[in-house]
Amino acid sequence: MAAVLALHLGFLGWNVFGVYQNLEVTGVAQSHGAHTYGGRWKYLTFINQVLQTVFFAICVLADLAQLLLRKKKKLSSFLLQLRDGTFAILAFPIGVFVVTSFWSIYAYDRELVYPKVLDSIIPQWLNHCMHTVVLPLLLIELFACSHRYPSRKRGISIMAIFSLFYMAWVLWIHHASGIWVYPLLAKLNAVGLAVFFTVAMLVTVPFYCLGELLTSFRWGTPQKPPRKRKTK
């Protein structure tokens with residue numbers, strides 16, 4: 001348990017550092033989109049950075065509760081459920097989506113997602129902090145700690161709600177300010193936008209199932225509690 005706590009403290013420290021550097025670097029550059037309508041919160045990358053930071057903070061709290069507050073089983077159980085739910089429903093699938101979608105579009109045409117002008121604002125290491133390192137940290141977490149997944153229907157439903165809220169936020173930003181969060185969106189017509197958003201949301205489902213599959217492969221399928229028989 002102490003080793004797991006040390007791991008989570010390291011991951012939390014890295015993510016806090018990454019968020020801090022993001023705020024510092026983009027805060028200085030007035031030409032960065034962080035200074036336009038919606039601020040940094042219009043970028044899924046930044047939202048994911050904060051999400052990963054919150055997740056590892058929950059991990060640290062859950063570890064400390066198990067180490068220091070063993071008598072308070074309700075608190076430990078709540079934190080473990082919160083940790084596992086956050087990992088399964090948001091941290092893993094959204095984190096994997098950010099990494100794969102960013103580098104896939106970047107490889108096709110970087111100007112659609114990360115224009116070259118950003119190289120003079122955001123250092124290369126910070127770009128990888130936001131768009132690369134996320135994945136190996138999540139995989140290490142998956143293989144280092146067992147996570148109990150919710151029912152697939154419930155998990156995917158909550159993830160879909162998160163995705164819909166973000167899409168609605170992106171559309172509202174364009175409606176309110178005329179700004180498209182990513183250059184790619186400006187090149188699509190109404191039908192193209194509908195297809196893009198639909199595909200983007202559907203892609204997160206395999207990522208959710210991937211996390212569930214890898215967890216099952218590493219830790220085995222958790223046994224469901226037996227149903228209580230009704231007494232006549």
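For clarity, every value in this text was computed on a predicted model and none was experimentally measured. The first residue of the sequence shown is numbered 1, and numbering continues consecutively from there.
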Q) Do L12 and C59 pass the side chain to side chain contact (heavy atoms under 4.5 Å, CB included) test, and can you show the C-alpha distance, the side-chain angles, and the key distance before you say yes or no? A) CA-CA 9 Å; L12 174 60; C59 289; over 6 Å; no
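- For R218, the CZ atom sits in a packed shell: over 12 heavy atoms of surrounding residues, nucleotides or ligands are nearer than 6.0 Å.
- Here the shortest heavy-atom pairing between R40 and A34 reads CG-CB, 3.5 Å.
- Across every non-hydrogen atom of W219 and L142, the tightest pair is NE1-O, 2.9 Å.
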Q. Run the side chain to side chain contact (heavy atoms under 4.5 Å, CB included) check on Y182 and V170 step by step: do they pass?
A. CA-CA 9 Å; Y182 301 104; V170 169; 5.7 Å; no
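- Rounding to the nearest 0.5 Å gives a distance of 7.0 Å between CG of L126 and CD of Q21.
- Residue Y208 forms a ring-ring contact (aromatic ring centres under 6.0 Å, His included) with just one option from Y149, F97, F162, and that option is Y149.
- At distances below 3.5 Å, not a single donor-acceptor pair connects side-chain atoms of D84 with backbone N or O atoms of H147.
- The shortest non-hydrogen separation linking R83 to S146 is NH2-O, 2.9 Å.
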Q: Run the numbers on V98 and H131 for side chain to side chain contact (heavy atoms under 4.5 Å, CB included), then give the verdict.
A: CA-CA 7 Å; V98 166; H131 298 117; 4.2 Å; yes
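- Here the side chain of S120 pairs a donor or acceptor atom with the backbone of V117 at under 3.5 angstrom.
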Q) For F56 and T86, what are the C-alpha separation, side-chain angles and deciding distance, and is it a side chain to side chain contact (heavy atoms under 4.5 Å, CB included)? A) CA-CA 10 Å; F56 285 115; T86 304; over 6 Å; no
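- Residues S163 and T204 come closest through the heavy atom pair OG-OG1, 4.4 Å.
- For the residue pair N15/Q49, the side-chain donor-acceptor check at 3.5 Å is not satisfied.
- Donor-acceptor pairing under 3.5 Å is recorded for the side chains of Y37 and W172.
- Minimum interatomic distance between Y106 and V113 (heavy atoms only, all atoms of both residues): N-CG1, 3.9 Å.
- Pairs passing the salt bridge (Lys or Arg N to Asp or Glu O under 4.0 Å) check and including a residue from residues 114-124, sequence neighbours excluded, read R110-D119.
- Taking all atoms of both residues into account, the shortest heavy-atom contact from P93 to A88 is CD-O, 3.2 Å.
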